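Take a look at the structure set out below.
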Amino acid sequence: NFETIVAAVEEGRLIFSNIKKVVGYVLSNSFAEIILIFGAMLLNFPPPLTVVQILWIHLICDGPPDILLSFEPKEKSLMREKPKALRREEILSGPMRFLIATISTVTGFLSLIFFWYFQSVTGDLNLARTVAFATIASVSLIYIFAFKNFKKPIIRTENFFQNRYLFWGVAYGFLLLFGAIYIPGLNKILKTTPLNLYQWLLVFCVGLITICCVEAVKLLEYFKRRE
């Protein structure tokens, strides 16, 4: 039955497309954390994250959000793409590798700057760590929506709200983040301190910057396809 063949090809393309999204997303999260910690070591700063904070970040970033991203629905243009030779097709294309490097560097570098600034100005190591912790943990929950579709800008993403489980996964991540910062019992375990509005604005600005990075790469790829 040729309809079955078409359906199988469509499903295979969807799976491969979502694998690319998840791998790119997970690597962006991981390398940002590495840049923050390694940068602090090179500059002889105190550790910007405690061991418990790192484990908590992994509950947020490496938990439901990246798993649920793999359930993104198919795009309308999926079956209009040219056939791919899977043995030569790269999961991490050149633009994706550039995007991973950009997001990781921006997030890790800005987190390090925040850590240095608040440590220098306030002398409160726990506050500085909390800002870095909040930045690393929340940024990936923000730019994940730009990863839903690499062919269209975020405002034109098809079926944006269809994968409702992804929104639940992001809500779960923010719930863990706010709990780690504002619940007194977890404060003692994670050595965090409540943040004010100004500090949260800095954190969310980093998230917006990373979304702009993803959208810029999409735009460059769009112009390349038109050449």
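Quick caveat: nothing in here was measured; it's all calculated off a predicted structure. Nothing fancy with the numbering, it's 1 onward along the sequence.
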Spatial distance of atom [atom1] ([X]) from atom [atom2] ([Y]) [nearest 0.5 Å]:
X: I181; Y: Q199; atom1: CD1; atom2: CD; value: 9.5 Å
X: T50; Y: K191; atom1: OG1; atom2: NZ; value: 7.0 Å
X: S70; Y: L166; atom1: OG; atom2: CG; value: 9.5 Å
X: T135; Y: I142; atom1: OG1; atom2: CD1; value: 9.5 Å
X: L190; Y: I57; atom1: CG; atom2: CD1; value: 9.5 Å
X: N29; Y: I100; atom1: CG; atom2: CD1; value: 10.0 Å

Is it true that atom [atom1] of [X] has more than 12 heavy atoms of other residues, nucleotides or ligands lying nearer than 6.0 Å?
X: L42; atom1: CG; answer: yes
X: F109; atom1: CZ; answer: no
X: F98; atom1: CZ; answer: no

Mark yes or no for whether [X], through its side chain, and [Y], through its backbone, hold a donor-acceptor pair below 3.5 Å.
X: K21; Y: K148; answer: yes
X: R129; Y: T193; answer: no
X: T210; Y: G207; answer: yes
X: S120; Y: W116; answer: yes
X: N149; Y: I154; answer: no
X: E33; Y: S30; answer: no

Testing the basics here: between [X] and [Y], what is the closest heavy-atom pair and its distance to 0.1 Å?
X: F115; Y: A132; result: CB-CB, 4.3 Å
X: P48; Y: A40; result: CD-CB, 3.5 Å
X: V203; Y: S138; result: CG1-OG, 3.0 Å
X: M96; Y: G24; result: SD-CA, 3.8 Å
X: G179; Y: L186; result: O-CD1, 3.4 Å
X: G169; Y: P64; result: CA-CB, 4.3 Å

In one Ile/Leu/Val/Met/Phe/Trp/Tyr side-chain cluster, 4.5 Å: [X], [Y]:
X: I54; Y: I34; answer: yes
X: F16; Y: L68; answer: yes
X: F38; Y: L43; answer: no
X: L69; Y: F174; answer: yes
X: Y143; Y: L208; answer: no

Just do the side chain to side chain contact (heavy atoms under 4.5 Å, CB included) check on F118 and I113 with the steps written out, would you?
CA-CA 9 Å; F118 286 102; I113 290 178; over 6 Å; no
Determine, step by step, whether V6 and E3 satisfy the side chain to side chain contact (heavy atoms under 4.5 Å, CB included) criterion, reporting the C-alpha distance in whole Å, the side-chain angles of both residues, the deciding distance to 0.1 Å, and the verdict.
CA-CA 5 Å; V6 173; E3 290 184 0; 5.7 Å; no
Do [X] and [Y] have side-chain heavy atoms sitting under 4.5 Å apart?
X: L49; Y: L36; answer: yes
X: P95; Y: L220; answer: no
X: L125; Y: P46; answer: yes
X: P65; Y: Y25; answer: yes
X: T130; Y: L195; answer: yes

What orientation do F160 and F145 show, parallel under 30°, tilted 30 to 60°, or perpendicular over 60°?
tilted
Measure up the Y182 and F178 rings against each other and bin them: parallel (under 30°), tilted (30 to 60°), perpendicular (over 60°).
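Tilted: the ring planes of Y182 and F178 meet at 30° to 60°.
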Before giving the answer on ring-ring contact (aromatic ring centres under 6.0 Å, His included), spell out for F133 and F114 the whole-Å C-alpha distance, their side-chain angles and the decisive distance to 0.1 Å.
CA-CA 10 Å; F133 167 76; F114 291 164; over 10 Å; no
For the side chain to side chain contact (heavy atoms under 4.5 Å, CB included) test, which of T107, L110, I37 pairs with I136?
T107
Which residue, L177, L176, V51, forms the side chain to side chain contact (heavy atoms under 4.5 Å, CB included) with W56?
L176
Checking side-chain hydrogen bond (donor to acceptor under 3.5 Å, both in side chains) for the pair T192/N187: CA distance, chi angles, key distance, verdict?
CA-CA 5 Å; T192 57; N187 270 345; 2.8 Å; yes
Are F147 and F150 near enough that their ring centres are under 6.0 Å apart?
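Yes - the distance between ring centres of F147 and F150 falls below the 6.0 Å cut-off.
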Taking the six-membered ring for Trp, are the ring centroids of F71 and Y165 within less than 6.0 Å of each other?
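Not under 6.0 Å, so no.
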Ion pair E215/K218, N-O distance below 4.0 Å
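Salt bridge flag = yes for K218 with E215.
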When you look at V52 and I189, which way does the side chain to side chain contact (heavy atoms under 4.5 Å, CB included) test go after all the steps?
CA-CA 8 Å; V52 181; I189 297 173; 4.1 Å; yes
Any chance you could lay out the ring-ring contact (aromatic ring centres under 6.0 Å, His included) test for F204 and W200, step after step, and finish with the verdict?
CA-CA 6 Å; F204 285 112; W200 276 116; 5.7 Å; yes
Chi angles and distances behind the side chain to side chain contact (heavy atoms under 4.5 Å, CB included) call for T102, V106
CA-CA 6 Å; T102 302; V106 169; 4.3 Å; yes
Side-chain H-bond candidate by donor/acceptor type, E72 with N18, under 3.5 Å:
no
